[in-house]
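Dropping the structure in here first, questions after.
Just the heavy atoms: all of them, side chains too, but no hydrogens, waters or symmetry mates, feed the values below.
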Amino acid sequence: MRKLPVPEDLPYDLTTIYYRLFMQLPLGELKDTVNLEMALNQVNATDIHALQDYPVHNISAYTGWAINSESTQAASKQRSILIDNLYCWGSQLYRSVNPYKLDLSGKNLLRIPQYTKLPESVDAVIAEEDKRLDISDYDNKKIIAPVSTMQGVIQQGSVIQQGDLILAKNEKITPEKLIALRRAGIKEITIYKNPRIMVVSMHSFDEEHSFCEESLYVKDVLKTWGYDNVEIKRLKPQRYDSAYNSRKKEKDPTLDETLTTDWESYNRFFEEHIPNFDVMIICSHKNIGGSVFSIGRLTTFDPGSMPSNFQTRSIPAAEMGIIRSMPRTPEVREIVPFIDDQGNSRGSKTVITEDKTTIINLPGDIQDIALLMHFMVKYILNKYDPDFLNKIFIKGRTKQIIETDPVQKRLVWGKYQLHDDGQYDLEIVEKQYAYQIEPFLVANCIVIVPFSEQPIQVDENVYFIKID
């Protein structure tokens, strides 16, 4: 049985919903191997281990004089070693002299900046104030005591050794993490595939050159989540061809063929776009009698998909649809070690990855779709992350009485405030209806009101999801 990683203290009704949703999604996660420079803001799909030691070379631990320690071993106050030349790193570069080509094997010193690769001929750095170096008489520069090997040196491989774990699976690649990965010699990494997403505007009265506000909102939200590979297309709802043709023969003046799509063209739309998009998000009308979103029994679709709507047990946004396509490429089976929660090996397991398009139908008005995007779709796009549900559900203390429903959860727009002690306070936005604009102007969270016989009292804790 597929295991859903959910927070231990997440309410049972939420756990059940996400588990049911998880079971309807394709197995595994599609992955891409990309050049490191293309990985920014992506999430790595495997543990990343160092391919080289770091530092790659010995480097200076502080600003000072790089020196060949062997040449100083006989030095003493009575038998000082005279220095021929003192070179300064910056002044040499200013003259276009390569400091690494200077002869430092004998009695020549190079003033080198901190954390800088040492020339091969030197193996120690002494601080400028080190009294073993006497440069008070510039014409009689000398070393008056031995300098030990590797003094003032950060040795090659002392920070990272080849094979060390640099970045654990499921970490987002940031500019700072790229620094560490480059130092570890990483040139390419395996990431979760950045899905190609199509938003489908399926509203009958969309004008020819415009899209419904719901589909535009979905595209905007996806962009704020970091999904840039998003297209938006128009598809009118499928028509009942037999009824339409019958009325057309009768020359019914109320007919308008621009409101719907004939059954053959409707299904061809999905057949044509499924190979090119990993996720299709459809904005459609609520089903208020007659099917608004449906598909034919074609080989394009996985017969194991649930044809009926997925019940979220929430008010509003009570339902959505999930349909999987048939595999676009053969499934991949990979045997990976099974590690328990204590880090101990417990044999191996077979991980199956399916390459199927996930088709998500979001029926309803702008409020339904806005709530479903944050409550359900965001999880679908991040199901690879075992900690995702822990991250999005936060507990807050309500500052007012909240009415509940005895059968279903309520999803309501809210405002949270974070206090210095880490406590969140929650207020419910007064005007909750879709035709009003206040929720879209002032809300910064969605409050999850559990189903209950009794109202939620002031200062009780409830879960909420940030949307800012």
query: Under the 6.0 Å and 45° cation-pi test, does Arg239 pair with Tyr244?
result: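 Yes - Arg239 lies over the ring of Tyr244, closer than 6.0 Å to its centre and within 45° of its axis.
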message: Test: side-chain hydrogen bond (donor to acceptor under 3.5 Å, both in side chains). Region: residues 214-229. Which pairs qualify, not counting sequence neighbours?
response: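 Every pair satisfying side-chain hydrogen bond (donor to acceptor under 3.5 Å, both in side chains) with a residue in residues 214-229: Tyr217-His374.
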query: Are Lys169 and Tyr192 side-chain neighbours, meaning at least one heavy-atom pair lies under 4.5 Å?
result: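 Contact flag for Lys169/Tyr192 side chains = yes.
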task: Please report the C-alpha distance between Leu14 and Lys409 in whole Å, then the side-chain angles of each, then the deciding distance to 0.1 Å, and finally whether the side-chain contact (heavy atoms from CB on, under 4.5 Å) criterion is met.
output: CA-CA 9 Å; Leu14 290 176; Lys409 296 180 304 301; 3.8 Å; yes
task: Kindly indicate, with the supporting measurements, whether the criterion salt bridge (charged side-chain N to carboxylate O under 4.0 Å, His left out) is fulfilled by Lys356 and Glu331.
output: CA-CA 9 Å; Lys356 298 180 177 182; Glu331 68 178 26; over 6 Å; no
- prompt: Where the side chain of Thr258 meets the backbone of Asp256, is there a donor-acceptor pair that is under 3.5 Å apart?
  reply: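 Not confirmed, Thr258 side chain does not pair with Asp256 backbone.
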field: Heavy atoms of other groups near Ile437 CD1, more than 12 under 6.0 Å
entry: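 No, not enclosed.
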message: Closer than 3.5 angstrom, by distance alone: can the side chain of Asp53 be matched with the main-chain N or O of Gln162 as a donor-acceptor pair?
response: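 Here the side-chain-to-backbone pair exists.
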- request: Apply the side chain to side chain contact (heavy atoms under 4.5 Å, CB included) test between Ile359 and each candidate in Ile281, Ile274, Val200; give the one that qualifies.
  value: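 The passing option is Ile274.
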message: If you compare all heavy atoms of Arg324 against all heavy atoms of Gln24, which two are closest, and at what distance to 0.1 Å?
response: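 The answer is NH1-O, 2.7 Å.
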- prompt: So, does Glu354 use its side chain to make a donor-acceptor pair with the main chain of Leu27 at under 3.5 Å?
  reply: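 Yes: the side chain of Glu354 pairs with the backbone of Leu27.
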message: Under a 3.5 Å distance rule, please check whether Thr357 uses its side chain to pair with a backbone N or O of Phe277 as donor and acceptor.
response: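 Checked: pair present.
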task: For residues Ile59 and Pro55, report the shortest heavy-atom separation together with the two atoms involved.
output: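 Here Ile59 and Pro55 meet closest at CD1-CG, 3.9 Å.
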task: Test salt bridge (charged side-chain N to carboxylate O under 4.0 Å, His left out) on Arg397 and Asp425 and set out the steps.
output: CA-CA 5 Å; Arg397 183 175 56 198; Asp425 281 349; 3.0 Å; yes
- prompt: If you take all heavy atoms of Gln114 and Thr63, which pair is closest and at what distance?
  reply: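 It is N-OG1, 3.3 Å.
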task: Could you tell me whether Gln454 atom CD has more than 12 heavy atoms of other residues or ligands within 6.0 Å of it?
output: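 Counting neighbours around CD of Gln454, 12 or fewer heavy atoms of other residues, nucleotides or ligands fall under 6.0 Å, so no.
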query: Would a distance-only check, ignoring hydrogens and angles, find a side-chain to backbone donor-acceptor pair under 3.5 Å from Asn44 to Ala168?
result: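 Flag set: sc Asn44 to bb Ala168 pair under 3.5 Å.
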Ser201 to Phe211 - nearest heavy-atom pair and separation: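 So the two residues come closest at CB-CD2, 3.8 Å.
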message: For Phe270 together with Tyr266, are the ring centres under 6.0 Å from each other?
response: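 Aromatic pair counts; centres sit under 6.0 Å.
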field: Test: Lys383 and Glu29 ion pair at under 4.0 Å
entry: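 Salt bridge between Lys383 and Glu29, a charged N being under 4.0 Å from a carboxylate O: yes.
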task: Side-chain contact test, heavy atoms from C-beta onward, threshold under 4.5 Å: evaluate it for Asp262 versus Arg268 and give yes or no.
output: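 No; the side chains remain at least 4.5 Å from each other.
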- prompt: Taking side chain as C-beta onward, heavy atoms only, is Phe375 less than 4.5 Å from Ser314?
  reply: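 The answer is yes, as the side chains (C-beta and beyond) meet within the 4.5 Å cut-off.
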- request: Using a cut-off of 6.0 Å, state whether more than 12 heavy atoms not belonging to Met150 lie near its atom CE.
  value: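 More than 12 within 6.0 Å, yes.
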field: Closest heavy-atom pair and its distance - Val153, Ala61
entry: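 Between these two residues, the closest heavy atoms are N-CB, 4.2 Å.
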message: Is there a side-chain contact (heavy atoms from CB on, under 4.5 Å) between Val458 and Thr398? Walk through the geometry before answering.
response: CA-CA 6 Å; Val458 174; Thr398 177; 5.7 Å; no
query: Do Val462 and Val449 touch side chain to side chain, with heavy atoms closer than 4.5 Å?
result: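 Sidechains of Val449 and Val462: no contact.
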task: Considering only NZ, NE, NH1 and NH2 on the basic side and carboxylate oxygens on the acidic side, decide whether Arg410 and Asp405 come within less than 4.0 Å.
output: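 No, this pair does not count.
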field: NZ/NE/NH1/NH2 to OD/OE distance under 4.0 Å, Arg313 and Glu319
entry: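 Answer for the salt bridge query: no.
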task: Start with the C-alpha distance between Val218 and Leu216, add both sets of side-chain angles, then the distance that settles side-chain contact (heavy atoms from CB on, under 4.5 Å), and finish with yes or no.
output: CA-CA 5 Å; Val218 169; Leu216 294 173; over 6 Å; no
- prompt: When you measure from the side chain of Tyr62 to the backbone N and O of Val125, does any donor-acceptor pair fall under 3.5 Å?
  reply: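 Yes; at least one donor-acceptor contact below 3.5 Å.
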- prompt: Tell me, do Ile352 and Val332 make a side-chain contact under 4.5 Å, heavy atoms counted?
  reply: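 No. Closest side-chain heavy atoms not under 4.5 Å.
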- request: Grab the two heavy atoms, one from Ile173 and one from Ala39, that are nearest each other, plus how far apart they are.
  value: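 Shortest heavy-atom contact: CB-O, 3.3 Å.
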query: Do side-chain atoms of Asn245 reach the backbone of Asp241 as a donor and acceptor pair under 3.5 angstrom?
result: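 Indeed, once roles are kept as given, a pair shorter than 3.5 Å links the two residues.
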- prompt: So, Thr174 side chain and Lys177 main chain: donor-acceptor pair closer than 3.5 Å or not?
  reply: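 Here the side-chain-to-backbone pair exists.
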- prompt: Does any N or O in the side chain of Thr312 come within less than 3.5 Å of the main-chain N or O of Ala318, such that one atom is a donor and the other an acceptor?
  reply: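 The answer is yes, because a donor-acceptor pair under 3.5 Å joins these two groups.
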field: CD1 (Ile335) with more than 12 external heavy atoms under 6.0 Å
entry: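 It does not: Ile335 CD1 has 12 such atoms or fewer within range.
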query: Between Asp32 and Lys193, does at least one N-O distance fall below 4.0 Å, as a salt bridge requires?
result: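 Not counted as a salt bridge, because no side-chain N and carboxylate O are separated by less than 4.0 Å.
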task: Name all pairs fulfilling the ring-ring contact (aromatic ring centres under 6.0 Å, His included) condition that reach into residues 395-430, sequence neighbours left out, sorted by first residue then second.
output: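 Passing the test, one end in residues 395-430: Trp413-Phe440, Tyr416-Tyr424, Tyr416-Phe464, Tyr424-Phe464.
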query: Can you list the steps and then say if Asp355 with Arg328 is a salt bridge (charged side-chain N to carboxylate O under 4.0 Å, His left out)?
result: CA-CA 6 Å; Asp355 182 10; Arg328 301 181 298 183; 2.7 Å; yes
message: Pairing donors with acceptors under 3.5 angstrom, does anything connect the side chains of Tyr435 and Asp365?
response: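 Distance-only check fails for Tyr435 and Asp365.
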- prompt: Taking Tyr54 as the fixed residue, which of Arg183, Arg182, Gln156, Gln161 is the one that meets the side-chain hydrogen bond (donor to acceptor under 3.5 Å, both in side chains) rule?
  reply: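 Only match with Tyr54 under side-chain hydrogen bond (donor to acceptor under 3.5 Å, both in side chains): Arg183.
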